[in-house]
Amino acid sequence: MSSTSKIRKAVIPAAGLGTRFLPATKAMPKEMLPVVDEPAIQYVVAEGSRAGLDDILMITGQNKKAMEDHFDRAPTLEAALEAKGDSKKLESVQKATHLGDIHYVRQGEAKGLGHAVLCGKQHVGDEPFAVLLGDDFIDPADDLLTPMIEVQQARGGSVIAVMEVDNVSAYGVIDPGSADTSAEDGVVPVQGLVEKPAAEDAPSNLAIIGRYVLHPAIFAELEQTAPGKGGEIQLTDALEAMAKKPTEEGGGVHAVVYRGRRYDTGDKLSYIKAVVTLASEREDLGPDLRSWLKDEFVPGLS
Ligand code: UTP
C-alpha cells in the first residue's frame, strides 16, 4: 500500500441474518463458514490488512462469540499444539490474531447494511474509512483496496468498487452518465446508484461489490436515510445522495472497476464455487482435488 495513505480504519459489517444459508447460520454467522480451512471473514480481514487497514471494527449480531474467539488468542489450544511440536498448525491458529487491532460493536437489530455502517460512527470519527462486507472477498492474489484508497485520497468524496455482471437485478447498480466505463484507469464518476433494478431499468451493467472507501459525511447522510428496499436502511440510498452533493460537503462518488476474481460466500452456489476454486489452487489439496474432479466427478456428470 502507499505509505502516505492515512486510511487505516475498516468497518466490517457481519451482523446480517444470513437467511440464504439457513439452517447452517442458525447459531453461527455466515461470515464464519469455512472457505477450505479459514473462515470467510479471515480472508476479508487479511485483504484489509494487505492494504494497510489495521484498525478493524466488526459490526456483529447475536452470534458474535465465534468471531471474537476466532480473532483472539487460544491459549489452551496453542499450548497443546506446542506440546505436540506441531508448529505448522500452531502458526495457522495464530495467524488470525496478527491481522490487526480488532474491535466489536453490536448492531442490535439487522436493520440493513446502511444501519450497520452507521453503527461504526463513533469508532471511525471524522476521517475516511473503508467498508468491507464480511461475506465477500477478492482473490488473495489481487489488490483492489489500495487503488480505491488512492482514488479517495486523490479525488475526495467516496469510492465504491464495481464489476460487470449479467444479472443486475441481484445488485446495486451505478449510473455512469455519459462517462467512459472502459477508461484505462478503471475509474468512473458515478451520477447515481440504483438498488436491485429490473434488467430493463438498469442504468449500466456495473454492479456494486462489497468494498467501499467512504467520506465520513456518509454518517450524517445515513442518519437521515429512510428505510428503502426490503424495509432496510440501504447504504446505496445514502451513496446516491452523496453522489449529488458538492465535494466541499464530502460529496462525489467514484467507482473503481474491478476485473479480477471475487468470491461471494453469502450465497450457496457462489460459496461452493469459491471453496472448489481456492482448494483446487492450493498446493496441498489442488493436485488431488483436480484429478478427482477431472477423472471421477466430471465423467460421472450426465
Ligand atoms: P447481505 O444482505 O448479504 O446479508 O448483507 P444478509 O441480510 O445476512 O443476507 P441474507 O439475504 O439474509 O442471506 C451484506 C453484508 O452486510 C451485513 C451482512 O452480515 C453481510 O456481511 N449486514 C447486512 C449487516 O451487518 N447488518 C444488516 O442489517 C444487514
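One-based numbering, in listed order, for ligands and for the atoms of each.
- A donor-acceptor contact shorter than 3.5 Å is absent between the side chain of K294 and the backbone of L289.
- Although no hydrogens or angles enter the test, the distance criterion places a donor-acceptor pair under 3.5 Å between the side chain of D267 and the main chain of S270.
- Using cut-offs of 30° and 60° for the angle between ring planes, the F21 and Y271 rings count as perpendicular.
- Closer than 4.0 angstrom to ligand 1 sit non-hydrogen atoms from P13, A14, A15, G16, L17, G18, T19, R20, K30, E31, Q107, A110, K111, G112, L113, A116, L133, G134, D135.
- In this structure, the side chain of E240 engages the main chain of L193 through a donor-acceptor pair within 3.5 Å.
- With sequence neighbours excluded, the residues that form a side chain to side chain contact (heavy atoms under 4.5 Å, CB included) with D126 are P216.
- Classified by interplanar angle (parallel below 30°, tilted 30° to 60°, perpendicular above 60°), the ring pair Y43/F137 is parallel.
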